[in-house]
Amino acid sequence: MVLSGDLGIVKPDHRIYYHTLKRLAVEAAEAVFVDDSPANVRAAEACGMQAILFSATDLFIREFEKLGK
């Protein structure tokens, strides 16, 4: 778990995304970021992550399933 308060870095600061990727030992292209904030989703995409803007569960499931194709 990554807590922004522990790091003193909050989304959409790119450093928190890179810190999380390093901590999870995954490449950006392997990660999927989900958030309800468009700014946070854009920041994750700018870091090379796949990202989904959450607005409703059924829409999220459809978008997530598309990633595997």
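From a predicted model like this one, the values you see are computed outputs, not experimental measurements.
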Check: Tyr17 side chain, Asn40 main-chain N or O, donor-acceptor pair, under 3.5 Å: yes
To the nearest 0.5 Å, tell me how far Thr20 OG1 sits from Arg15 CZ. 12.5 Å
Note: Lys66-Glu63 ion pair, threshold 4.0 Å (strictly below): yes
All heavy atoms of Cys47 vs all of Ala28, minimum pair found to be O-CB, 3.3 Å
Can you name the nearest heavy-atom pair linking Leu67 to Gln50, along with the distance? CD2-OE1, 3.2 Å
Answer yes or no: are there more than 12 heavy-atom neighbours, outside Phe54 itself, under 6.0 Å from its atom CZ? yes
Is there a path of hydrophobic side-chain contacts, each under 4.5 Å between heavy atoms of I, L, V, M, F, W or Y residues, that connects Val34 with Leu24? no
Go through the steps for Asp35 and Leu53 under the test side chain to side chain contact (heavy atoms under 4.5 Å, CB included), then give the verdict. CA-CA 5 Å; Asp35 201 290; Leu53 179 63; 5.9 Å; no
Same cluster or not: are Phe64 and Met49 linked, directly or through other Ile, Leu, Val, Met, Phe, Trp or Tyr residues, by side-chain heavy atoms under 4.5 angstrom apart? no
Identify whether Tyr18 and Phe33 are in the same connected component of the hydrophobic contact network (ILVMFWY, side-chain heavy atoms under 4.5 Å). yes
Of all heavy-atom pairs between Ile52 and Val41, which one has the smallest distance, and what is that distance? O-CG2, 3.7 Å
Determine the minimum heavy-atom distance between Ala44 and Ala51, stating which atoms define it. CB-CB, 4.3 Å
Heavy-atom closest pair, residues Ala43 and His14: O-CD2, 3.5 Å
Without swapping roles, check the side chain of Glu65 against the backbone of Arg62 for a donor-acceptor pair under 3.5 Å. no
Please find the pair of heavy atoms, one from Ile16 and one from Ile9, that lie closest to each other, and give the distance. CD1-O, 3.2 Å
Stepwise, does the side chain to side chain contact (heavy atoms under 4.5 Å, CB included) test hold for Val2 with His19? CA-CA 8 Å; Val2 175; His19 173 85; 3.9 Å; yes
